[in-house]
Amino acid sequence: MAPFVERTGTDAFPQISDPEGELWERFGTGGRSTFMFVNDDGSFVLTTFGVVGEEELTRQVEALLAS
């Protein structure tokens, strides 16, 4: 996870590691590499499963910052 954070410059955003799967179960995610984009009010904007490329990540983060 650390190389991804460094490579994408996402260190200003919370990064969560859930090796026990407790959060997976709580939020109903499908597995590892799940990205959940959350508004300030706690509502989910988008849940993406699998690899998210740099362009998509940038687009989603910019949309959140603009809202």
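Predicted model only: the values in this text are computed from it and were never measured. The figures that follow rest on heavy atoms only: side chains count, while hydrogens, waters and symmetry mates do not.
- Here the closest heavy-atom approach between residue Val45 and residue Leu64 is recorded as CG2-CD2, 3.6 Å.
- Atom-to-atom distance recorded for Gln60:CD and Leu65:CG is 11.5 Å, nearest 0.5 angstrom.
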Quiz prompt | Step-by-step side chain to side chain contact (heavy atoms under 4.5 Å, CB included) determination, Phe4 to Leu57 | solution = CA-CA 12 Å; Phe4 170 82; Leu57 181 61; 3.8 Å; yes
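- Environment of CD in Gln15: crowded, with over 12 heavy atoms of neighbouring residues, nucleotides or ligands closer than 6.0 Å.
- If you take CZ on Phe37 and CZ on Arg59, they are separated by 9.0 Å, rounding to the nearest 0.5 Å.
- Taking OG1 of Thr10 as the start and CZ of Phe35 as the end, the distance is 8.0 Å to the nearest 0.5 Å.
- Note that CD of Glu25 and CG of Asp18 are 10.0 Å apart. Values are rounded to the nearest 0.5 Å.
- Among residues two or more places apart in sequence or in another chain, the side chain to side chain contact (heavy atoms under 4.5 Å, CB included) test is passed with Thr58 by Glu54, Glu62.
- The environment of Asn39 atom CG is dense: over 12 non-hydrogen atoms of other residues, nucleotides or ligands sit within 6.0 angstrom.
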